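Read the structure below first, then the notes.
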Protein chains: 4
Amino acid sequence: MKFEREQLIRFSHCDPAGIVFFPQYFVLFNGLVEDWFDDALALGYARVVVGQRIGLPTVALNCEFLRPSHMGERVQLGLAVHRLGRSSITLDLVCHHDGQERVRMRQVLVTTALDEGHATPIPDSIRAAIERFGIAGGSDAAQRLRGERA
Amino acid sequence: MKFEREQLIRFSHCDPAGIVFFPQYFVLFNGLVEDWFDDALALGYARVVVGQRIGLPTVALNCEFLRPSHMGERVQLGLAVHRLGRSSITLDLVCHHDGQERVRMRQVLVTTALDEGHATPIPDSIRAAIERFGIAGGSDAAQRLRGERA
Amino acid sequence: MKFEREQLIRFSHCDPAGIVFFPQYFVLFNGLVEDWFDDALALGYARVVVGQRIGLPTVALNCEFLRPSHMGERVQLGLAVHRLGRSSITLDLVCHHDGQERVRMRQVLVTTALDEGHATPIPDSIRAAIERFGIAGGSDAAQRLRGERA
Amino acid sequence: MKFEREQLIRFSHCDPAGIVFFPQYFVLFNGLVEDWFDDALALGYARVVVGQRIGLPTVALNCEFLRPSHMGERVQLGLAVHRLGRSSITLDLVCHHDGQERVRMRQVLVTTALDEGHATPIPDSIRAAIERFGIAGGSDAAQRLRGERA
């Protein structure tokens, strides 16, 4: 139920203080979501965006930066699915290094029809792949019973 | 009690969907904080970072992306101070266009001694300038009476 | 025959050495080209790209980085047109500060039909506006007499 | 005599035309130089920059963008050493895909003492590692005989 990748902290990620400039974490987590689509969900991120014309813009995020990351470190990026709504995917993302948490984020993505520019229900192929991967916050059905929606 | 700047949405801010790639908002808001230090607080952002060796890393943020921004739009970026802690500055940031809210964020910065790499109390010159600018969430003294800290 | 803009060097432009990370210069010069289209050519960069579906990808560049730029400096960015081909625009770009040259670049852009993805002759409206602005390397007619093309 | 890496073209590398925004190539090539230091030269890029306080700023580059790269493609990035001067390293960099060249660049880096901010002779450990790797343009001794310097 967790997708993990190692990520080298590069010169280009770092600011004049020698640590990761925080907007770069969002670029790195965006890359993790792409790899998750490619390697864990086997959907092909580019096929979804370019082929199916489905975008995944972020509509909300909540983030804590607990400790800085430095150039040359090989950090671990992790992703779990917190919940699946009608058109929203809520992810829990984490960056850690040697057992130490660096960043913790909850991010809500919404499947969007790129040509119309508005939210669209999660396509069945994506929903099925994510359900196979596993949803930490419980199944969609269970969530609906509890009255959660997006 | 509010600092505002117009910002042109440029080609380099936009993603393959033709809208602002969300990490770019954090870069733009970072620029707004610099302009606030330069123009409203008259502290000189570079003088604080390079001269006083005080950094302002982000420790938490909470953000909603309500509507997309497009290349060529001139959006308004706004900043207000929500509260001032011992070493934390909590900002309310907003991006709007034609009365329509695009992004709303609360961000917590912490004054940090760059050479030691840990939080340090907000220097008096910065605290005084921010108090003169105005704190939406009430004065520091009032906050302390209510038991808030950072 | 020269378009100039002041540019503040921001925290986000700088690397762990505290100086501009060189790819950021290309982002800044790209912004200068946008401002030139908006303010000097009065064409509207976004109108050209989004409205006319004409892109301006870079096909060649030649660049020297003479001295570093530091956070907090207000540098001058300058642009002149070296020559105008059938579908290419060759620009001379410069970044300087206090009479000191920092970066010098020659860049070739090609007008491209975004929907077909290949070069297209410079639209008449763009050619006329650039000719009114002025071409340092001489008129297009003179260049053609000398046998130059693109 | 050549160092190669596969690189996935990600969403964050692409512009509103759906192709790599050219400054991103320089970020990718910068990453290739880091990997070359880490994996081929076994010097540790972060150790050189952070430990030895030796920076590698770019002083010149010459670049052709032959064909666009698209999101989802796995391109090949390649690096060869063209020549080694007293304090300069001239690299030939290429991006290709399926036998098709996309980008071709010659880039000159200069070893720099970060604390003094000026060029310094290439440290012996770096020179020896690069000579072991191989220099396409001939050995430093041969170059010196021919009177080349940097």
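Keep in mind that this is a model prediction, so the values were computed, not measured. Numbered from 1 within each chain, the chains take letters A, B, ... in sequence-line order.
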**Prompt:** Do you know which of B/G18, B/C63, B/P16 has the most heavy-atom pairs with chain A at a distance under 4.5 angstrom?
**Reply:** B/C63

**Request:** Considering only heavy atoms, give the residues of residues 32-60 of chain B separated from chain A by less than 4.5 Å, sorted numerically, with 'none' for an empty result.
**Result:** B/T58, B/V59, B/A60

**Item:** Toward chain A, the part of B/F21 with a non-hydrogen atom under 4.5 Å
**Value:** side chain

**Prompt:** Under a 4.5 Å heavy-atom cut-off, does chain A meet the side chain of B/L114, its backbone, both or neither?
**Reply:** side chain

**Complete:** Of the listed B/I19, B/N30, B/L66, B/T112, the one with the largest count of heavy-atom pairs under 4.5 Å with chain A is B/N30

**Prompt:** Crowded around A/D124 CG? As in, over 12 foreign heavy atoms under 6.0 Å?
**Reply:** no

**Request:** Please look at B/D15 and chain A and tell me whether the side chain, the backbone, both or neither of the residue comes under 4.5 angstrom of a heavy atom of that chain.
**Result:** neither

**Message:** Give the interface residues of residues 92-106 of chain B toward chain A, defined by a heavy-atom separation under 4.5 Å.
**Reply:** none

**Asked** How long is the gap from CG on B/N62 to CG on A/L61, to the nearest 0.5 Å?
**Response** 8.0 Å

**Asked** Does A/F22 reach the side chain of B/Q107, with side-chain heavy atoms less than 4.5 Å apart?
**Response** yes

